[in-house]
Amino acid sequence: MKHPLSYAHYPAVLSVSEARARGASDYDIRSGRGFPPATWGIRFDNSVSTEFPVPIWADEAWIAEAKLLMAIAHRHPGVVACRETAARLYGWPLPHSVGRDILHLGTSDTNKRIRRRGITLHRMRMLRSIEWLKLPVLSPLQVFSQLASVCSVESLVKIGDAAIGDWKSPPQFALATLAAHISETKHLRAKPKLEAAVDLIREGVDSPMETDLRLWAVSRNLPEPAVHPAVYCPTIDRTLHPDLGYPREKLALEYEGDHHRTSEYQWAADIDRVNALRAAGWTVIRVTKSTNRHQLERDIRQHLGLQ
């Protein structure tokens with residue numbers, strides 16, 4: 001899957017002294033006229049901009065966080081986005097309980113201090129940074145490890161499925177690489193939680209809703225469904241891959257979000273897809289967020305021949 005980017009024009013970042021060197025008066029600095037404040041001691045120059053790559057799924061909050069990170073990094077070279085901030089920049093599905101009112105930054109400088117409201121600085125003995133869309137961000141493996149302090153095992157699995165998959169962004173690491181990182185890194189916080197999550201992460205998952213459905217099945221002591229099993233459909237001479245399935249019993253679970261209902265093209269494609277799977281001898285159960293899970297469990301158990 002390709003991940004096209006759009007582009008945003010971010011204003012130039014400069015210090016107050018650099019703004020004065022460009023001709024800003026004390027009034028300009030105090031009022032923010034032409035040089036609006038980004039953070040303490042840092043201004044944006046709206047007359048000069050730079051084109052930055054932005055994911056097509058990025059919203060205004062994502063762009064605002066990216067711009068603030070640029071401003072802080074200009075004043076404090078060497079700091080990187082970490083924890084929840086980095087996860088949002090990567091496009092990972094954080095739980096709703098995680099707020100976005102704090103900018104989380106990492107540094108390897110044990111003497112570094114940033115005492116500003118809305119910013120939390122994390123000092124790290126081992127810091128591996130990358131450039132992500134021209135932004136300084138902690139390496140994905142380290143970010144995933146950090147999230148264990150604020151996420152449940154289920155949330156970590158959802159994030160892991162997205163990070164190794166091809167959902168919003170290209171894969172940030174391989175499952176084997178993540179497993180080795182968790183196993184070999186000493187002094188990881190909540191290591192048992194991370195190990196439990198790694199055991200449940202699967203490759204090829206297309207969305208967090210698929211992860212939720214798979215984990216729900218496991219939580220109900222149902223056999224774990226396969227992710228995107230291959231089903232050859234002779235009526236269309238194609239191999240289809242339902243979201244989840246039990247190949248031996250020929251049972252497919254298809255999760256359908258709102259876009260499946262609101263898009264006329266998607267609705268028609270779904271009908272053709274289900275018809276082809278059924279013609280190939282498969283039973284298809286379509287699942288939405290409003291599906292009665294008790295009935296869903298009964299239907300699955302009945303088809304699998306379970307009590």
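Scope of the values below: all heavy atoms of this structure, side chains included, with no hydrogens, waters or symmetry mates. Everything numeric here is computed off the predicted structure, so don't read it as measured data.
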Are [Y] and [X] connected in a single hydrophobic cluster, I mean Ile/Leu/Val/Met/Phe/Trp/Tyr linked by side-chain heavy atoms less than 4.5 Å apart?
{"X": "Ile164", "Y": "Val198", "value": "yes"}
{"X": "Phe44", "Y": "Ile72", "value": "yes"}
{"X": "Val231", "Y": "Val205", "value": "no"}
{"X": "Met209", "Y": "Val157", "value": "no"}
{"X": "Val218", "Y": "Leu222", "value": "no"}

Any donor and acceptor pair, going by atom type alone, linking the side chain of [X] with main-chain N or O of [Y] inside 3.5 Å?
{"X": "Arg220", "Y": "Leu215", "result": "no"}
{"X": "Thr185", "Y": "Ile182", "result": "no"}
{"X": "Glu210", "Y": "Asp206", "result": "yes"}
{"X": "Arg123", "Y": "Lys112", "result": "yes"}
{"X": "Glu297", "Y": "Ala217", "result": "no"}
{"X": "Asp243", "Y": "Tyr255", "result": "yes"}
{"X": "Lys193", "Y": "Cys151", "result": "yes"}
{"X": "Ser183", "Y": "Ala179", "result": "no"}

Is the closest side-chain heavy-atom distance between [X] and [Y] below 4.5 Å?
{"X": "Leu304", "Y": "Pro223", "result": "yes"}
{"X": "Met124", "Y": "Thr107", "result": "no"}
{"X": "Ser129", "Y": "Val137", "result": "no"}
{"X": "Glu256", "Y": "Val287", "result": "no"}
{"X": "Glu131", "Y": "Pro136", "result": "no"}
{"X": "Arg301", "Y": "Asn221", "result": "yes"}
{"X": "Thr85", "Y": "Thr120", "result": "no"}
{"X": "Val54", "Y": "Trp62", "result": "yes"}

Of Ile119, Ile63, Leu103, which is the lone residue that meets side-chain contact (heavy atoms from CB on, under 4.5 Å) with Leu68?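 It is Leu103; the other options fail the test.
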Kindly indicate, with the supporting measurements, whether the criterion side chain to side chain contact (heavy atoms under 4.5 Å, CB included) is fulfilled by Leu296 and Leu213. CA-CA 11 Å; Leu296 176 60; Leu213 184 56; 4.1 Å; yes
Under 6.0 Å from the six-membered ring centre of Trp216 and within 45° of its axis: does the NZ or CZ of Arg293 meet both?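 Yes; both conditions hold, so Arg293 lies above the ring face of Trp216.
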If you count every heavy atom of other residues, nucleotides or ligands that lies below 6.0 Å from [X] atom [atom1], does the total exceed 12?
{"X": "Arg113", "atom1": "CZ", "answer": "yes"}
{"X": "Arg238", "atom1": "CZ", "answer": "no"}
{"X": "Glu60", "atom1": "CD", "answer": "no"}
{"X": "Glu51", "atom1": "CD", "answer": "yes"}
{"X": "Lys250", "atom1": "NZ", "answer": "no"}

Which residue pairs satisfy the ring-ring contact (aromatic ring centres under 6.0 Å, His included) criterion with at least one member in residues 90-123, sequence neighbours excluded?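 Sorted result for residues 90-123: Tyr90-Trp92, Tyr90-Trp132, His104-His122.
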Taking atom types as modelled and ignoring hydrogens, do the side chains of [X] and [Y] form a donor-acceptor contact shorter than 3.5 angstrom?
{"X": "Arg22", "Y": "Ser47", "result": "no"}
{"X": "Ser17", "Y": "Ser15", "result": "yes"}
{"X": "His9", "Y": "Thr50", "result": "no"}
{"X": "Glu203", "Y": "His228", "result": "no"}

For the student: nearest non-hydrogen atoms of [X] and [Y], plus distance:
{"X": "Pro171", "Y": "Gly165", "value": "CG-O, 3.2 Å"}
{"X": "Lys134", "Y": "Phe52", "value": "CB-CE2, 3.3 Å"}
{"X": "Ala73", "Y": "Val79", "value": "CA-CG2, 4.0 Å"}
{"X": "Pro53", "Y": "Leu5", "value": "CB-CD1, 3.7 Å"}
{"X": "Arg83", "Y": "Ser149", "value": "NH1-OG, 3.2 Å"}
{"X": "Pro242", "Y": "Glu254", "value": "CA-OE1, 3.3 Å"}

Separation between [atom1] of [X] and [atom2] of [Y], rounded to the nearest 0.5 Å:
{"X": "Asp212", "Y": "Ser219", "atom1": "CG", "atom2": "OG", "answer": "10.5 Å"}
{"X": "Leu69", "Y": "Leu89", "atom1": "CG", "atom2": "CG", "answer": "6.5 Å"}
{"X": "Leu121", "Y": "Asp109", "atom1": "CG", "atom2": "CG", "answer": "9.0 Å"}
{"X": "Leu277", "Y": "Ile236", "atom1": "CG", "atom2": "CD1", "answer": "7.5 Å"}
{"X": "Leu156", "Y": "Glu195", "atom1": "CG", "atom2": "CD", "answer": "12.5 Å"}
{"X": "Lys158", "Y": "Leu200", "atom1": "NZ", "atom2": "CG", "answer": "13.5 Å"}

Might you work through the side chain to side chain contact (heavy atoms under 4.5 Å, CB included) test for Leu14 and Phe35, ending with a clear yes or no? CA-CA 9 Å; Leu14 65 168; Phe35 297 90; 4.3 Å; yes
Taking it one step at a time, do Val80 and Leu127 satisfy side chain to side chain contact (heavy atoms under 4.5 Å, CB included)? CA-CA 9 Å; Val80 300; Leu127 186 152; 4.0 Å; yes
Ile102 vs Glu84, side chain to side chain contact (heavy atoms under 4.5 Å, CB included): CA-CA, chis, key distance, verdict: CA-CA 9 Å; Ile102 299 294; Glu84 297 97 303; over 6 Å; no
Step by step, would you call Arg202 with Thr211 a side chain to side chain donor-acceptor pair (under 3.5 Å)? CA-CA 9 Å; Arg202 299 292 180 263; Thr211 303; over 6 Å; no
With sequence neighbours left out, what residues match Val274 under side chain to side chain contact (heavy atoms under 4.5 Å, CB included)?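 Testing Val274 for side chain to side chain contact (heavy atoms under 4.5 Å, CB included), a comparison that skips the adjacent residues, returns Arg278, Val284, Arg286.
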Transitive ILVMFWY cluster of Tyr232 at side-chain heavy atoms under 4.5 Å: who else is in it?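 Its cluster partners, ordered by chain and number, are none at all.
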